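Written below as structure tokens is the structure these notes are about.
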There are 2 protein chains.
Amino acid sequence: MTTIRDIARHAGVSVTTVSRTLREPEAVRRDKRDRVHAAIAELSYVPNAIAQQLRRPRAEAIIVIVPAIDNPFFSGIIQSIENVAHELGYRVLIGETQGRQERLDHYADMVTARLADGLILLGSLLPTPVRSAFEAGRPVPIPLVLACERYDGLDCPSVTIDNAAAAEAAADHLIRTGRQRIATITGPLANPLAMDRLAGFRAALQRAGMTADEEAVVEGNFSVESGHEGMQRLLSGPRRPDAVFCANDEMAIGAIRAAVTAGLSVPGELAVVGFDDLRFGAFATPPLTTIRQPTAGIGETAMRMMDAELHQRGLSERQVVLPHELVVRGSSVVAA
Amino acid sequence: MTTIRDIARHAGVSVTTVSRTLREPEAVRRDKRDRVHAAIAELSYVPNAIAQQLRRPRAEAIIVIVPAIDNPFFSGIIQSIENVAHELGYRVLIGETQGRQERLDHYADMVTARLADGLILLGSLLPTPVRSAFEAGRPVPIPLVLACERYDGLDCPSVTIDNAAAAEAAADHLIRTGRQRIATITGPLANPLAMDRLAGFRAALQRAGMTADEEAVVEGNFSVESGHEGMQRLLSGPRRPDAVFCANDEMAIGAIRAAVTAGLSVPGELAVVGFDDLRFGAFATPPLTTIRQPTAGIGETAMRMMDAELHQRGLSERQVVLPHELVVRGSSVVAA
DNA sequence: TTGTACGCGTTATCAC
DNA sequence: GTGATAACGCGTACAA
């Protein structure tokens with residue numbers, strides 16, 4: 001391994017000069033600079049980042065935690081995080097937890113161990129040290145930004161949408177288009193975000209003077225498969241629904257499949273509305289009506305908040321709520 | 001920041017004892033060990049991983065490079081890489097390139113800079129240092145494993161499927177089920193893998209005494225949108241195809257949408273076959289016939305090869321080819 | 001403008 | 001068993 005000392009020796013200068021040549025070239029005389037560069041090329045020297053970081057305050061890297069990398073909803077967010085991060089001079093590393101606490105904790109360890117500067121959480125799991133600090137009323141021990149999820153009482157920057165209002169808008173759409181028996185397939189109810197969507201759904205029905213009977217609410221887990229099963233359950237019930245609101249697009253796609261397999265026409269006999277506006281949704285058959293989340297905005301905001309956090313700059317707003325949008329396509333309304 | 005010296009002072013022992021307590025506890029007397037642990041807990045000490053790695057030969061981390069994180073095909077591979085990596089004691093960091101050479105190079109730099117031990121490439125781009133070494137006939141400069149892609153002449157471990165044979169199987173299926181005018185939507189033809197699939201497709205037609213006229217071959221870029229556009233192009237041509245082989249499932253989903261929008265029945269008037277066996281494919285309407293890739297096997301093999309590479313263990317096989325499988329669903333055959 | 005020398009936090013060597 | 005101390009590779013006062 002060639003080190004800065006090898007370069008110094010080879011170029012006939014001191015290590016300081018080599019270091020400075022790399023960091024503030026103007027402060028080094030031309031000829032020495034050239035000799036240094038020549039030596040670097042000849043010995044193919046690459047500064048050891050580990051050693052550099054021992055001297056630097058920050059790692060210039062952040063870790064984005066995603067529960068499941070195969071959930072396309074997170075992709076858009078990650079991509080916008082990456083764009084902003086690059087611009088701000090950070091590397092982005094993605095860590096997948098698959099819902100496993102120990103994996104998340106492992107990534108959190110990378111922050112305490114200074115291999116990365118902070119964590120952006122896209123999921124609902126909190127690292128153990130953060131959770132215990134929270135429960136003990138102590139401040140959050142590592143730089144943390146929550147995207148998508150909210151935790152009441154946790155004092156850390158977050159960016160979300162108003163999930164309850166969005167779900168309400170989805171249900172309203174079904175009500176306004178004349179649906180009578182509206183069911184829902186929820187996310188895992190341990191999840192605050194899933195609860196919010198269910199609450200919004202219920203609020204809309206109630207406001208319209210309808211009640212959501214218990215058989216019309218089935219719990220899913222955000223996977224296509226669970227949407228498929230959930231729909232089968234709903235179809236085998238006593239009162240077949242004529243509309244279903246799914247808490248994400250994946251489940252909506254599974255629901256459509258179950259309905260079509262059962263011989264129902266979508267949207268004629270069953271209207272389906274999803275949530276997220278996945279790329280695939282627009283190309284489903286029929287194209288999926290859904291709630292569009294501002295993925296680019298979520299990612300960008302989260303990354304800028306992280307940067308501010310790391311620079312101890314006060315944030316004007318620590319809990320940002322971004323606007324959502326109902327996108328009506330063929331799965332909920334019969335073509336004119 | 002609390003360091004090992006703080007612990008030593010607080011526990012009234014030397015730094016050596018603290019270090020040893022953490023690394024080989026049996027070699028330290030009980031009472032001192034307890035004092036050290038107490039001090040660690042009290043001062044909430046976490047060893048600085050940066051400093052540790054300055055002394056260690058390896059970072060125990062590998063980086064998986066994926067072209068686009070929103071391509072679900074890679075998810076399965078990544079997940080199996082992660083499972084094996086964990087078991088072998090590595091951290092996995094995921095880097096997305098979005099096809100940008102500079103981003104890939106940035107991640108490759110992390111390896112030369114010892115922040116990670118090696119790179120597993122899921123895409124077709126090579127890091128600049130690797131490419132120039134290749135062109136100059138020098139050995140690959142960093143630990144590298146290719147998953148999915150192949151590079152003729154590049155001496156590095158790889159795991160792939162036989163893309164040509166798989167495409168041939170897909171086309172054969174269409175031929176055997178009586179299709180007459182079989183078209184294809186390819187991947188970007190700069191891509192070896194896309195070329196292999198096209199070659200296999202052509203071989204199958206030729207063997208059956210059919211020719212693939214040039215209007216029946218359109219180039220896509222693996223995105224749903226390009227599948228949609230490609231299908232529109234094929235439908236507006238002089239001889240409407242009665243079957244199309246798409247070089248991946250995403251494009252197949254886009255193709256189905258275009259066909260259905262144009263009023264064609266799938267599979268009645270148009271049979272569609274994809275490639276990859278995405279999770280969503282089975283839930284498409286109609287469910288997608290496709291080539292299943294052994295994603296778990298690809299990921300596991302790639303990670304084990306990387307581990308062998310890092311330990312300088314010779315690999316029995318450096319170019320592994322895994323089996324594929326044709327999965328027939330409703331998009332290519334009319335239900336009995 | 002350049003070089004010497006120290007410190008960053010840890011682990012390994014060696015003497016006690 | 002334990003403790004000084006020398007690396008690891010780099011950045012930077014401070015001195016020249």
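All figures in this text were calculated on a predicted structure; none of them were measured in a lab. Chain letters run A, B, ... following the sequence lines, proteins first and then strands; every chain starts at 1.
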Candidates C:dT11, D:dG9, C:dG3 - which lies nearest the side chain of A:Val13: C:dG3
Identify, between B:Val15 and A:Asp31, the residue whose nearest nucleotide on DNA chain C lies closer to the 5' end. A:Asp31
Looking at C:dT11, I'd like to know if its phosphate oxygens (OP1 or OP2) sit under 4.0 Å from a side-chain N or O belonging to B:Gln52. yes
If the cut-off is 4.0 Å, is B:Thr3 near the phosphate of C:dG9, judged by side-chain N/O to OP1 or OP2? no
Do B:Pro67 and B:Leu125 make a side-chain contact, defined as non-hydrogen atoms from C-beta onward lying under 4.5 Å apart? no
Look at B:Arg29 and D:dT2 and indicate whether a side-chain polar atom (N or O) is within less than 4.0 Å of OP1 or OP2. yes
What is the separation between atom CD1 on A:Ile50 and atom P on C:dT10, rounded to the nearest whole Å? 14 Å
Do B:Arg55 side-chain and D:dA7 base share a donor-acceptor contact under 3.5 Å? yes
Please report, rounded to the nearest Å, how far the C1' atom of D:dC10 is from the CD atom of A:Gln53. 12 Å
Given atom CG of B:Leu22 and atom P of C:dG9, what is their separation to the nearest angstrom? 16 Å
What is the distance, rounded to the nearest whole Å, between atom CZ of A:Arg114 and atom C1' of C:dT10? 14 Å
From CZ of B:Arg20 over to P of C:dT11, roughly how many Å is that when rounded to an integer? 12 Å
A:Tyr45 side chain, from C-beta outward: closest of D:dC10, C:dT4, C:dG9: D:dC10
Nearest heavy-atom approach of A:Ala296 to A:Ser80 is O-OG, 3.2 Å
Against the side chain of A:Lys32, the closest entry in C:dG3, D:dC10, C:dG9 is C:dG3
Would you kindly give the CZ-to-P distance between B:Arg56 and C:dG9, to the nearest whole Å? 17 Å
Out of D:dT2, C:dT10, D:dG11, which nucleotide sits closest to the side chain of A:Arg23? D:dG11
A:Ala59 to A:Leu115 - nearest heavy-atom pair and separation: CB-O, 3.6 Å
Sub-4.5 Å side-chain heavy-atom contact between A:Gln98 and B:Asn83: yes
Both A:Leu54 and B:Val28 contact DNA chain D. Which one's nearest nucleotide lies toward the 5' end? B:Val28
Would you mind reading off the distance between B:Arg9 atom CZ and C:dT10 atom P, rounded to a whole angstrom? 12 Å
Using only heavy-atom distances, decide whether a donor-acceptor pair under 3.5 angstrom links the side-chain of B:Ser19 to the base of C:dA12. no
Is the backbone of B:Thr112 close enough, under 3.5 Å, to the side chain of B:Arg114 for a donor and an acceptor to pair up by distance? yes
Protein-nucleotide distance (B:Ile40, atom CD1; C:dT10, atom P), rounded to Å: 10 Å
B:Thr16 side chain, from C-beta outward: closest of D:dG3, D:dG11, C:dT2: D:dG3
